[in-house]
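First comes the structure, then the notes that go with it.
The structure presented is a predicted model; accordingly, all values stated were derived computationally and were not measured.
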Amino acid sequence: MTMPFQRARSDEQRAARRQAILDTATAMLTEMPVAQVSLNELSRRVCLAKSNVLRYFESREAVLLELLDVALREWLDHLDDALAAAVDADAPLSRRADQLAAALAISLADRPVLCDLVSAQAAVLERNVSPRVAAEYKRAALANIGVLAQLLRARLPELNEPDAARFGAAVMLTTGAVWTHTQPSAAMLAAYEADPSLAAMRIDFTGAAREMFEVLLAGLLVRASR
């Protein structure tokens, strides 16, 4: 039940209420896909009227864009250790590139909420926000790509800075596209079950992402060697 609204009086109270909205939305994403997270349900769970939630975030999409940035930064915080464990610094370049591609795919597969948010970014999350929120998100995204590029170059110094940034951006684009195609609807699952000949059309996220990352890295490294 929605409780009577009490205006947050101090900066600390406003920050706490804003964080409560983000925490509630985060919990919802563990239960349902991005497409099912509604402002009405978020408002109900955080015990605020929808109009009051909109005092802190201009739209559902603004909430989810902020959560996407948080999820990306959390992933990057853990990625260095994952790459260090997976990539043999003494291995030949081609082997290191394949190890890196596999580690990236596995680490992303372990974060389905992040992948779901990335897949919704361009088509959904960026469509109902103001220019201010859009610019803030894009600045954060650029910073995250910069961090990812640094992590990549630490394992593959043969990549120059521009190519590491290109690959980092491509990782995000690829993740969104592959995730969308590896989350079949109930109708698609029923079709696969009814007709085994269609099984080849069902894509595994980790395998598909790894293969695409390998191809992208190989192309960038070959071009850099010319």
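Atom OG1 of Thr206 and atom CG of Leu104 lie 12.0 Å apart (nearest 0.5 Å). Rounding to the nearest 0.5 Å gives a distance of 12.0 Å between CD of Gln150 and CD1 of Ile145. Note that CD of Glu41 and CD of Glu31 are 8.5 Å apart. Values are rounded to the nearest 0.5 Å. The line from CG of Leu220 to CD of Glu158 is 13.0 Å long, rounded to the nearest 0.5 Å. Note that CZ of Phe205 is 11.0 Å distant from CD1 of Ile106, once rounded to the nearest 0.5 Å. Rounded to the nearest 0.5 Å, atoms CD (Gln121) and CG (Leu65) are 7.0 Å apart.
Listed here is the closest heavy atom pair of Ala71 and Leu117: CB-CD1, 4.5 Å. For the pair Ala105 and Ala209, the tightest heavy-atom approach, listed with the atom from each and the gap, is CB-CB, 4.1 Å. Looking at every heavy atom in both residues, Leu79 comes nearest to Ser107 through CD1-OG, 3.7 Å. The two residues Asp204 and Gly207 come nearest to each other via the heavy atoms OD2-N, 2.7 Å. Across Arg153 and Asn160, no two heavy atoms sit closer than the pair NE-C, 3.7 Å. Here the shortest heavy-atom pairing between Ala91 and Gln99 reads CB-OE1, 4.5 Å.
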Full working for side-chain contact (heavy atoms from CB on, under 4.5 Å) between Val124 and Leu64: CA-CA 10 Å; Val124 178; Leu64 294 172; over 6 Å; no

Residue pair Trp179, Leu108: steps toward the side-chain contact (heavy atoms from CB on, under 4.5 Å) verdict: CA-CA 10 Å; Trp179 185 259; Leu108 286 163; over 6 Å; no

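Residue Met32 is grouped with residue Val63 when hydrophobic side chains (ILVMFWY) are merged at heavy-atom distances under 4.5 angstrom, including chains of intermediate members. Clustering ILVMFWY residues whenever any of their side-chain heavy atoms sit less than 4.5 angstrom apart, transitively, puts Leu67 in the very cluster that holds Val147. A chain of hydrophobic side-chain contacts below 4.5 Å, direct or via other Ile, Leu, Val, Met, Phe, Trp or Tyr residues, connects Met188 to Met201. Hydrophobic clustering of Ile, Leu, Val, Met, Phe, Trp and Tyr side chains at less than 4.5 Å, counting indirect connections, keeps Val70 apart from Val118. Both Leu22 and Val34 are part of a single hydrophobic cluster, where members link through side-chain heavy atoms under 4.5 Å apart.
When side chains are defined from C-beta on, Leu189 counts as touching Arg202, because their heavy atoms get closer than 4.5 Å. Counting heavy atoms from C-beta outward, Met28 and Leu42 have side chains that approach closer than 4.5 Å. In this structure, the side chains of Leu159 and Asp163 come closer than 4.5 Å at one or more pairs of heavy atoms. In this structure the side chain of Leu39 never reaches within 4.5 angstrom of the side chain of Phe57, judged on heavy atoms. Inter-residue side-chain proximity for Leu152 and Leu148 is flagged as met; some heavy-atom pair is nearer than 4.5 Å. Side-chain contact between Gln183 and Pro112 is absent, with no heavy-atom pair separated by less than 4.5 Å.
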Which side-chain N or O atoms in residues 170-178 pair as donor and acceptor under 3.5 Å with protein atoms at least two apart or in another chain?
| residue | atom | partner | partner atom | Å |
| --- | --- | --- | --- | --- |
| Thr174 | OG1 | Ala170 | O | 2.8 |
| Thr175 | OG1 | Val171 | O | 2.7 |

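Among residue pairs with one or both ends in residues 61-81, none qualify as ring-ring contact (aromatic ring centres under 6.0 Å, His included); sequence neighbours excluded.
We find that Arg139 and Glu136 are not joined by a salt bridge, their nearest charged nitrogen and carboxylate oxygen being 4.0 Å or further apart. Checked for salt-bridge contact, Asp80 and Arg155 meet the test: a charged N lies under 4.0 Å from a carboxylate O. Between Arg95 and Asp98 there is no salt bridge, since no side-chain N of the basic residue sits under 4.0 Å from a carboxylate O of the acidic one. A salt bridge is absent between Arg73 and Asp77; no separation between the charged side-chain nitrogens and carboxylate oxygens falls under 4.0 Å.
Judged by distance alone, with hydrogens and angles left aside, the side-chain atoms of Asn144 form a donor-acceptor pair with the main-chain N or O of Ala140 at under 3.5 Å. Under a 3.5 Å cut-off, the side chain of Ser59 and the backbone N or O of Asn128 do form a donor-acceptor pair.
With Arg17 as the partner, the side chain to side chain contact (heavy atoms under 4.5 Å, CB included) test is satisfied by one option alone out of Leu48, Val53, Val46: Leu48.
Within 6.0 Å of CD on Gln19 lie more than 12 heavy atoms contributed by other residues, nucleotides or ligands.
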